[in-house]
There are 2 protein chains.
Amino acid sequence: MNKKEKAILAAKTKVLKALAHPARLWMVEQLAVGERCVCELVDGLGLDFSTVSKHLLVLKNAGVVTDDKRGKQVFYSLKVPCVLNFMHCVEAVIKGEG
Amino acid sequence: MNKKEKAILAAKTKVLKALAHPARLWMVEQLAVGERCVCELVDGLGLDFSTVSKHLLVLKNAGVVTDDKRGKQVFYSLKVPCVLNFMHCVEAVIKGEG
DNA sequence: CCGTTATTTGGTTATGTTGCCAAACAACAA
DNA sequence: TTGTTGTTTGGCAACATAACCAAATAACGG
(Lines give C-alpha, C1' and ligand atoms only; values in the text may rest on other atoms or scores of the structure.)
Protein backbone atom coordinates (compact mmCIF):
# COMPACT_ATOMS: atom_id res chain seq x y z
CA MET A 1 0.00 0.00 0.00
CA ASN A 2 1.61 3.28 -1.10
CA LYS A 3 1.08 6.80 0.26
CA LYS A 4 -1.57 7.78 -2.26
CA GLU A 5 -3.63 4.67 -1.57
CA LYS A 6 -3.34 5.36 2.14
CA ALA A 7 -4.57 8.91 1.64
CA ILE A 8 -7.62 7.74 -0.33
CA LEU A 9 -8.37 5.17 2.32
CA ALA A 10 -8.09 7.82 5.03
CA ALA A 11 -10.46 10.11 3.11
CA LYS A 12 -13.06 7.37 2.75
CA THR A 13 -12.68 6.48 6.38
CA LYS A 14 -13.31 10.07 7.36
CA VAL A 15 -16.68 10.02 5.61
CA LEU A 16 -17.68 6.70 7.12
CA LYS A 17 -16.59 7.78 10.59
CA ALA A 18 -18.67 10.91 10.26
CA LEU A 19 -21.75 8.78 9.63
CA ALA A 20 -20.90 6.18 12.26
CA HIS A 21 -22.59 7.79 15.23
CA PRO A 22 -26.29 7.52 16.10
CA ALA A 23 -26.80 11.26 16.53
CA ARG A 24 -25.02 12.10 13.29
CA LEU A 25 -26.74 9.37 11.33
CA TRP A 26 -30.11 10.53 12.60
CA MET A 27 -29.33 14.08 11.57
CA VAL A 28 -28.31 12.95 8.09
CA GLU A 29 -31.62 11.12 7.74
CA GLN A 30 -33.46 14.26 8.82
CA LEU A 31 -31.52 16.39 6.36
CA ALA A 32 -32.47 13.96 3.63
CA VAL A 33 -36.04 15.16 4.06
CA GLY A 34 -34.97 18.79 3.89
CA GLU A 35 -32.79 21.40 5.50
CA ARG A 36 -32.98 21.92 9.25
CA CYS A 37 -31.73 24.59 11.60
CA VAL A 38 -29.50 23.54 14.47
CA CYS A 39 -32.29 24.21 16.96
CA GLU A 40 -34.59 21.66 15.29
CA LEU A 41 -31.90 19.02 15.48
CA VAL A 42 -31.23 19.86 19.12
CA ASP A 43 -34.93 19.42 19.87
CA GLY A 44 -35.09 16.11 18.03
CA LEU A 45 -32.03 14.66 19.70
CA GLY A 46 -32.39 15.99 23.22
CA LEU A 47 -28.68 16.74 23.37
CA ASP A 48 -26.88 19.91 24.35
CA PHE A 49 -26.62 22.65 21.72
CA SER A 50 -22.84 22.48 21.90
CA THR A 51 -22.83 18.72 21.38
CA VAL A 52 -25.05 18.95 18.29
CA SER A 53 -22.97 21.79 16.93
CA LYS A 54 -19.83 19.69 17.22
CA HIS A 55 -21.48 16.72 15.55
CA LEU A 56 -22.51 18.96 12.67
CA LEU A 57 -18.95 20.17 12.34
CA VAL A 58 -17.78 16.58 11.96
CA LEU A 59 -20.30 16.04 9.14
CA LYS A 60 -19.30 19.31 7.52
CA ASN A 61 -15.58 18.52 7.67
CA ALA A 62 -16.30 15.17 6.07
CA GLY A 63 -18.09 16.91 3.20
CA VAL A 64 -21.46 15.35 3.95
CA VAL A 65 -23.40 18.51 4.81
CA THR A 66 -23.27 22.25 4.11
CA ASP A 67 -24.43 25.10 6.28
CA ASP A 68 -26.15 28.34 5.42
CA LYS A 69 -26.55 31.13 7.93
CA ARG A 70 -29.79 33.08 7.59
CA GLY A 71 -30.40 35.63 10.25
CA LYS A 72 -29.75 34.24 13.67
CA GLN A 73 -30.17 30.66 12.55
CA VAL A 74 -27.87 28.27 10.72
CA PHE A 75 -29.50 25.81 8.35
CA TYR A 76 -27.79 22.56 7.49
CA SER A 77 -28.52 20.47 4.42
CA LEU A 78 -27.28 17.28 2.84
CA LYS A 79 -24.52 18.00 0.36
CA VAL A 80 -24.32 14.55 -1.23
CA PRO A 81 -27.75 12.89 -1.29
CA CYS A 82 -26.41 9.52 -2.48
CA VAL A 83 -25.27 8.98 1.08
CA LEU A 84 -28.78 7.78 1.76
CA ASN A 85 -28.78 5.15 -0.96
CA PHE A 86 -26.32 3.09 0.89
CA MET A 87 -28.49 2.98 3.95
CA HIS A 88 -30.51 0.37 2.07
CA CYS A 89 -27.44 -1.78 1.98
CA VAL A 90 -26.75 -1.18 5.65
CA GLU A 91 -30.28 -2.33 6.32
CA ALA A 92 -29.57 -5.48 4.28
CA VAL A 93 -26.56 -6.14 6.49
CA ILE A 94 -28.70 -5.74 9.60
CA LYS A 95 -31.28 -8.21 8.32
CA GLY A 96 -28.57 -10.70 7.41
CA GLU A 97 -27.46 -10.52 10.99
CA GLY A 98 -30.68 -11.62 12.71
CA MET B 1 -37.43 9.02 18.93
CA ASN B 2 -38.78 5.83 20.52
CA LYS B 3 -36.91 2.71 21.64
CA LYS B 4 -37.40 0.79 18.40
CA GLU B 5 -36.11 3.67 16.30
CA LYS B 6 -33.12 3.96 18.59
CA ALA B 7 -32.37 0.26 18.20
CA ILE B 8 -32.49 0.49 14.41
CA LEU B 9 -30.22 3.51 14.51
CA ALA B 10 -27.79 1.65 16.76
CA ALA B 11 -27.77 -1.32 14.41
CA LYS B 12 -27.00 0.86 11.39
CA THR B 13 -24.32 2.66 13.34
CA LYS B 14 -22.69 -0.64 14.20
CA VAL B 15 -22.29 -1.48 10.51
CA LEU B 16 -20.93 1.95 9.65
CA LYS B 17 -18.53 1.89 12.59
CA ALA B 18 -17.23 -1.47 11.47
CA LEU B 19 -16.35 0.03 8.08
CA ALA B 20 -15.00 3.28 9.49
CA HIS B 21 -11.38 2.26 10.01
CA PRO B 22 -8.68 2.22 7.33
CA ALA B 23 -7.53 -1.31 8.06
CA ARG B 24 -11.05 -2.70 8.08
CA LEU B 25 -12.10 -0.79 4.97
CA TRP B 26 -9.03 -2.03 3.15
CA MET B 27 -9.84 -5.59 4.12
CA VAL B 28 -13.41 -5.22 2.91
CA GLU B 29 -12.12 -3.99 -0.44
CA GLN B 30 -9.80 -6.98 -0.64
CA LEU B 31 -12.59 -9.38 0.22
CA ALA B 32 -14.66 -7.84 -2.55
CA VAL B 33 -12.16 -9.37 -4.97
CA GLY B 34 -12.38 -12.75 -3.29
CA GLU B 35 -11.92 -14.57 -0.02
CA ARG B 36 -8.65 -14.16 1.87
CA CYS B 37 -7.03 -15.98 4.74
CA VAL B 38 -6.05 -13.96 7.80
CA CYS B 39 -2.38 -14.36 6.93
CA GLU B 40 -2.82 -12.63 3.56
CA LEU B 41 -4.53 -9.68 5.23
CA VAL B 42 -1.77 -9.50 7.84
CA ASP B 43 0.82 -9.38 5.07
CA GLY B 44 -1.05 -6.69 3.18
CA LEU B 45 -1.59 -4.48 6.19
CA GLY B 46 1.68 -4.94 8.03
CA LEU B 47 -0.14 -5.13 11.34
CA ASP B 48 0.10 -7.69 14.10
CA PHE B 49 -1.85 -10.93 13.66
CA SER B 50 -3.79 -10.21 16.82
CA THR B 51 -4.72 -6.75 15.62
CA VAL B 52 -6.00 -8.01 12.28
CA SER B 53 -7.89 -10.80 13.97
CA LYS B 54 -9.68 -8.30 16.19
CA HIS B 55 -10.54 -6.08 13.25
CA LEU B 56 -12.03 -9.08 11.48
CA LEU B 57 -14.09 -9.85 14.56
CA VAL B 58 -15.54 -6.35 14.44
CA LEU B 59 -16.54 -6.85 10.79
CA LYS B 60 -17.99 -10.27 11.60
CA ASN B 61 -20.01 -8.99 14.55
CA ALA B 62 -21.40 -6.27 12.32
CA GLY B 63 -22.54 -8.88 9.80
CA VAL B 64 -20.27 -7.64 7.03
CA VAL B 65 -18.05 -10.73 6.64
CA THR B 66 -18.19 -14.47 7.30
CA ASP B 67 -15.35 -16.82 8.16
CA ASP B 68 -14.65 -20.37 7.10
CA LYS B 69 -12.00 -22.48 8.75
CA ARG B 70 -10.23 -24.88 6.40
CA GLY B 71 -7.34 -26.76 7.91
CA LYS B 72 -5.11 -24.42 9.85
CA GLN B 73 -6.28 -21.34 8.00
CA VAL B 74 -9.37 -19.20 8.38
CA PHE B 75 -10.78 -17.65 5.23
CA TYR B 76 -12.86 -14.52 5.38
CA SER B 77 -15.27 -13.37 2.71
CA LEU B 78 -17.70 -10.54 2.15
CA LYS B 79 -21.17 -11.48 3.33
CA VAL B 80 -23.06 -8.53 1.84
CA PRO B 81 -21.45 -7.40 -1.43
CA CYS B 82 -23.64 -4.30 -1.73
CA VAL B 83 -21.40 -2.75 0.88
CA LEU B 84 -19.07 -1.88 -1.97
CA ASN B 85 -21.66 -0.03 -4.00
CA PHE B 86 -21.78 2.72 -1.52
CA MET B 87 -18.08 3.28 -1.77
CA HIS B 88 -18.87 5.04 -5.04
CA CYS B 89 -20.92 7.51 -3.08
CA VAL B 90 -18.19 7.92 -0.50
CA GLU B 91 -15.84 8.73 -3.36
CA ALA B 92 -18.33 11.33 -4.58
CA VAL B 93 -18.26 12.92 -1.14
CA ILE B 94 -14.47 13.00 -1.21
CA LYS B 95 -14.44 14.70 -4.60
CA GLY B 96 -16.98 17.26 -3.44
CA GLU B 97 -14.59 18.12 -0.69
CA GLY B 98 -11.57 19.16 -2.77
C1' DC C 1 -25.91 50.62 23.34
C1' DC C 2 -28.13 46.67 25.97
C1' DG C 3 -30.50 42.49 26.10
C1' DT C 4 -31.97 38.30 23.96
C1' DT C 5 -31.70 34.36 21.01
C1' DA C 6 -29.02 31.08 18.05
C1' DT C 7 -24.82 29.03 17.54
C1' DT C 8 -19.86 27.99 18.18
C1' DT C 9 -15.62 27.33 20.91
C1' DG C 10 -12.86 25.90 24.98
C1' DG C 11 -12.20 22.98 28.67
C1' DT C 12 -12.79 18.89 31.46
C1' DT C 13 -14.03 14.28 32.53
C1' DA C 14 -15.69 9.80 31.28
C1' DT C 15 -15.65 6.34 28.02
C1' DG C 16 -14.21 3.78 23.82
C1' DT C 17 -10.74 2.30 20.44
C1' DT C 18 -6.34 0.71 18.76
C1' DG C 19 -2.14 -1.63 18.69
C1' DC C 20 1.27 -4.45 20.64
C1' DC C 21 2.86 -8.34 23.53
C1' DA C 22 2.27 -12.72 25.65
C1' DA C 23 -0.36 -16.63 26.23
C1' DA C 24 -3.86 -19.90 24.77
C1' DC C 25 -5.91 -22.87 21.19
C1' DA C 26 -6.48 -25.61 16.94
C1' DA C 27 -4.85 -28.41 13.18
C1' DC C 28 -1.63 -30.93 11.40
C1' DA C 29 3.23 -33.29 10.76
C1' DA C 30 7.03 -35.88 12.54
C1' DT D 1 3.74 -36.88 22.17
C1' DT D 2 6.21 -32.89 20.71
C1' DG D 3 6.79 -29.26 17.54
C1' DT D 4 5.18 -25.97 14.18
C1' DT D 5 2.10 -22.90 11.94
C1' DG D 6 -2.15 -20.11 11.84
C1' DT D 7 -5.37 -17.85 14.56
C1' DT D 8 -7.79 -16.03 18.67
C1' DT D 9 -8.00 -14.12 23.41
C1' DG D 10 -6.54 -11.31 27.46
C1' DG D 11 -4.34 -7.43 29.14
C1' DC D 12 -2.34 -3.05 29.13
C1' DA D 13 -0.79 1.74 27.59
C1' DA D 14 -1.66 5.38 24.24
C1' DC D 15 -4.76 7.87 22.02
C1' DA D 16 -9.37 9.50 20.30
C1' DT D 17 -14.24 10.62 21.09
C1' DA D 18 -18.42 12.32 23.36
C1' DA D 19 -21.04 14.71 26.63
C1' DC D 20 -21.72 18.51 29.53
C1' DC D 21 -20.91 23.28 31.35
C1' DA D 22 -19.34 27.88 30.81
C1' DA D 23 -17.88 31.47 28.04
C1' DA D 24 -17.46 33.73 23.51
C1' DT D 25 -19.51 35.34 19.18
C1' DA D 26 -23.21 36.85 15.85
C1' DA D 27 -27.59 38.82 14.54
C1' DC D 28 -31.24 41.23 15.65
C1' DG D 29 -34.89 44.19 18.45
C1' DG D 30 -35.80 47.83 21.60
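Proteins get letters first, then strands, A, B, ... in listed order; numbering begins at 1 in each.
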A.B. asks: Any idea which heavy atoms bring Cys39(B) and Gln73(B) closest together, and the distance?
C.D. replies: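 Of all heavy-atom pairs spanning Cys39(B) and Gln73(B), the closest is SG-OE1, 3.6 Å.
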A.B. asks: Take atom CG of Leu56(B) and atom P of dG19(C), then tell me their distance rounded to the nearest Å.
C.D. replies: 12 Å
A.B. asks: Could you tell me from which nucleotide to which nucleotide of DNA chain D, 5' to 3', there is an atom under 4.0 Å from chain B heavy atoms?
C.D. replies: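 Nucleotide range with atoms under 4.0 Å of chain B: dT5(D) to dG11(D).
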A.B. asks: Could you tell me whether Tyr76(A) contacts a base, only the sugar-phosphate backbone, or nothing, with contacts defined as non-hydrogen atoms closer than 4.0 Å?
C.D. replies: sugar-phosphate
A.B. asks: When rounded to the nearest 0.5 angstrom, what is the spacing between OG1 in Thr13(B) and CD1 in Ile8(B)?
C.D. replies: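 If we round to the nearest 0.5 Å, Thr13(B):OG1 and Ile8(B):CD1 are 11.5 Å apart.
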A.B. asks: How far apart are the closest heavy atoms of Cys89(B) and Val80(A), and which atoms are they?
C.D. replies: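 Nearest pair, atom of Cys89(B) first, then Val80(A): SG-CG1, 4.3 Å.
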A.B. asks: Whole angstrom is fine here: how far is it from CG in Leu41(A) over to P in dA6(C)?
C.D. replies: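 Checked: the CG to P distance equals 14 Å.
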A.B. asks: Starting at the 5' end of nucleotides 21-30 of chain C, put B wherever the base has a protein heavy atom under 4.0 Å, S where only the sugar-phosphate does, and a dash everywhere else.
C.D. replies: BB---SBS--
A.B. asks: What's the CZ-C1' distance between Arg36(A) and dT7(C), to the nearest Å?
C.D. replies: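 Result: 18 Å.
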A.B. asks: Within 45 degrees of the axis of the six-membered ring of Phe75(A) and under 6.0 Å from its centre: does Arg70(A) put its NZ or CZ there?
C.D. replies: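 Yes, Arg70(A) sits over the ring of Phe75(A).
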A.B. asks: Is there a side chain to side chain contact (heavy atoms under 4.5 Å, CB included) between Val64(B) and Leu78(B)? Walk through the geometry before answering.
C.D. replies: CA-CA 6 Å; Val64(B) 177; Leu78(B) 206 52; 4.0 Å; yes
A.B. asks: Give the rounded distance in Å between these two atoms: CZ of Phe49(A) and C1' of dT7(C).
C.D. replies: 6 Å
A.B. asks: Quick one: list whatever passes salt bridge (charged side-chain N to carboxylate O under 4.0 Å, His left out) with Asp43(A), sequence neighbours left out.
C.D. replies: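 Listed in chain order: nothing, the list is empty.
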A.B. asks: Once side chain to side chain contact (heavy atoms under 4.5 Å, CB included) is applied, do any residues pair with Asp48(B), and if so which ones, sequence neighbours excluded?
C.D. replies: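 With neighbours one apart ignored, the set is Ser50(B), Thr51(B).
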A.B. asks: Show me the donor-acceptor pairs within less than 3.5 Å that the side chains of residues 23-34 of chain B make with the rest of the protein, sequence neighbours left out.
C.D. replies:
residue: Arg24(B); atom: NE; partner: Ala18(B); partner atom: O; Å: 2.6
residue: Arg24(B); atom: NH1; partner: His55(B); partner atom: ND1; Å: 3.0
residue: Arg24(B); atom: NH2; partner: Lys17(B); partner atom: O; Å: 3.2
residue: Glu29(B); atom: OE2; partner: Lys12(A); partner atom: NZ; Å: 2.8

A.B. asks: Give the rounded distance in Å between these two atoms: NZ of Lys60(A) and P of dT7(C).
C.D. replies: 13 Å
A.B. asks: Just how far is it from atom CG of Leu9(A) to atom NE2 of His21(B), taken to the nearest 0.5 Å?
C.D. replies: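 Spacing of CG (Leu9(A)) from NE2 (His21(B)) equals 9.5 Å.
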A.B. asks: What closest approach, in Å, do Val38(A) and Val52(A) show between heavy atoms, and which atom pair accounts for it?
C.D. replies: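 It is CG1-CG1, 4.2 Å.
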A.B. asks: Runs of at least three consecutive Watson-Crick or G-U pairs, both distances under 3.5 Å, are what I'm after; which ones involve DNA chain D?
C.D. replies: C:1-30 with D:1-30
A.B. asks: Between C1' on dT7(C) and CG on Leu59(A), what's the gap in Å once rounded to a whole number?
C.D. replies: 16 Å
A.B. asks: To the nearest 0.5 Å, how far apart are OG in Ser53(A) and CG in Leu41(A)?
C.D. replies: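 That separation rounds to 10.5 Å.
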